[in-house]
Amino acid sequence: MKPKERVPFLLNHTNIDAFQDDLISWFKKEQRVLPWRENQDPYRVWVSEIMLQQTRVDTVIPYFNHFMSRFPNPKALADADEQEVLKAWEGLGYYSRARNLQNAVREVVESYGGVVPDDPDELGKLKGVGPYTKGAILSIAYDTPEPAVDGNVMRVLSRILYVEDDISKQSTRKLFEALVRELISKEDPSAFNQGLMELGALICTPKTPSCMLCPVQDHCRAFEKGAETELPIKASKKKQKKIPYLLLLIENDKGEVLIEQRPGEGLLASLWQYPMVPLEDVDEESVPVWMYGEYGLKVELGEKVDHVRHVFSHLIWEMDVVRAVVKSGSLDHERAKFVTPEAMLDYPFPVSHQKAHPYISP
DNA sequence: AAAACGGGGCT
DNA sequence: AGCCCAGTTTT
């Protein structure tokens with residue numbers, strides 16, 4: 001059965017008006033004070049929504065404040081250097097969010113006079129603005145009754161309406177969008193959408209929801225059945241592949257250290273790092289040979305100073321951190337250079353490599 | 001439809 | 001170690 005056909009049945013026992021009232025009243029009373037809630041500036045809402053993708057509120061707050069003071073409006077972000085934007089994003093992860101955001105903001109400045117579009121189709125065409133972010137901007141900044149379905153909303157609504165569909169499927173997100181279109185308050189779509197998400201963050205949490213404090217407990221079919229922790233249903237994902245590396249802290253005779261910029265696409269695109277030897281392809285004893293081939297440098301390996309294990313969503317880096325010194329040769333590599341330890345800190349580094357900074361820093 | 005794409009917090 | 005989090009893009 002298609003989403004639209006299922007909606008009437010799923011909402012059959014729900015008092016929509018009462019649900020809206022209970023949710024919105026609770027949100028207006030209990031909502032957290034957050035920097036992006038100071039006003040309805042669409043640019044601020046947009047930046048916050050991008051930062052909040054897969055990222056906790058507490059993590060985002062300092063990044064958001066710094067970002068808004070450095071790039072206060074679309075023009076400021078459009079005019080900035082990409083490396084500077086990445087530096088402001090350093091440590092937040094999912095760095096394509098930053099590059100897509102700047103790409104989209106430049107589009108807004110060039111095509112829409114610096115005003116964030118309030119048209120769903122125009123908004124949805126912007127880089128990095130998917131179904132969720134589009135709905136969030138339209139409802140929160142422009143008071144438009146559009147669904148903004150994220151993981152919180154799916155968890156909350158799966159419990160309230162007892163939906164047992166796998167929330168990792170795209171079709172299930174569409175079902176929840178259709179449900180929200182029926183449920184959403186036309187008077188205050190912003191408070192309704194934010195209320196669903198705030199409820200998911202504060203009350204209807206993944207492991208041990210606080211149902212006794214829930215403002216919509218009376219409307220919740222999962223609570224009625226005592227099955228709130230059984231939902232939502234989500235297919236388990238497979239575990240990450242482990243990849244071993246040697247991370248090299250290479251110093252020259254001037255006390256400078258070798259760093260290189262990663263490729264413009266793919267994992268950690270355009271960020272900087274210390275040279276890494278892929279131990280799946282290179283034997284430990286042939287590392288100097290590999291180094292000479294890749295960088296044109298004869299190096300001598302020194303002491304191993306650390307082991308860093310870094311977990312990504314889809315893989316794990318196991319890195320032995322080893323010191324090395326340049327004996328001879330001249331650097332021959334497109335994207336690598338020697339820098340002083342002080343200058344190094346101006347470059348955006350992934351957290352995995354920041355873990356090795358203490359062995360360099362003066 | 002599935003995989004790529006970070007990082008941190010909690011259990 | 002596994003799961004979760006205010007998702008989107010690419011394949």
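Protein chains get the first letters and strands the later ones, always in sequence-line order, with residue 1 at the start of each.
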Charged N to carboxylate O below 4.0 Å: is that the case for [X] and [Y]?
X: A:E228; Y: A:R159; answer: no
X: A:R181; Y: A:E146; answer: yes
X: A:D306; Y: A:K355; answer: no
X: A:R70; Y: A:E84; answer: yes
X: A:R173; Y: A:E177; answer: yes
X: A:E38; Y: A:R44; answer: yes

Please identify each residue that fulfils ring pair (Phe, Tyr, Trp, His ring centres under 6.0 Å) with A:F64, with sequence neighbours left out.
-> A:W36
Got a sec, which residues hit ring pair (Phe, Tyr, Trp, His ring centres under 6.0 Å) with A:W272, two or more places apart in sequence or on another chain?
-> A:Y347
Once you apply a heavy-atom cut-off of 4.0 Å, does [X] come out as touching a base, just sugar-phosphate, or nothing?
X: A:T133; value: sugar-phosphate
X: A:K169; value: nothing
X: A:G200; value: nothing
X: A:S96; value: nothing
X: A:F312; value: sugar-phosphate

Considering only the [atom1] atoms, how many Å lie between [N] and [M], rounded to the nearest integer?
N: B:dG8; M: C:dT8; atom1: P; result: 22 Å
N: C:dA6; M: B:dC5; atom1: P; result: 23 Å
N: C:dC5; M: B:dA1; atom1: C1'; result: 23 Å

Of the residues in residues 40-70 of chain A, which ones touch DNA chain B at a heavy-atom distance under 4.0 Å?
-> A:Q54, A:T55, A:R56
DNA chain B contacts among residues 262-271 of chain A, heavy-atom distance under 4.0 Å = A:G266, A:L267, A:L268
Would you mind reporting whether A:H219 and A:L23 have side-chain heavy atoms less than 4.5 Å apart?
-> no
Closest nucleotide of DNA chain C for A:V129 versus for A:W36: which of these residues is on the 5' side?
-> A:W36
5′-ward residue of the pair A:R155/A:R173 relative to DNA chain C | A:R155
Which residue lies more 5' along DNA chain B, comparing A:G91 with A:T208 via nearest heavy atoms = A:G91
Taking it one step at a time, do A:E260 and A:R335 satisfy salt bridge (Lys or Arg N to Asp or Glu O under 4.0 Å)?
-> CA-CA 5 Å; A:E260 66 186 1; A:R335 307 173 71 87; over 6 Å; no
Give a yes/no verdict on a cation-pi contact between A:K254 and A:F338, requiring under 6.0 Å between NZ or CZ and the six-membered ring centre and an angle within 45° of the axis.
-> no
Heavy-atom contact window of chain A on DNA chain C, given 5' to 3' at under 4.0 Å | C:dA1 to C:dT10
Boundaries of the chain A footprint along DNA chain B (any atom under 4.0 Å from a heavy atom) | B:dA3 to B:dG8
Is the gap between the ring centers of A:Y274 and A:F349 under 6.0 Å?
-> yes
Near A:E285 CD, under 6.0 Å, is it more than 12 heavy atoms from other residues, nucleotides or ligands?
-> yes
Any donor and acceptor pair, going by atom type alone, linking the side chain of A:K87 with main-chain N or O of A:L345 inside 3.5 Å?
-> yes
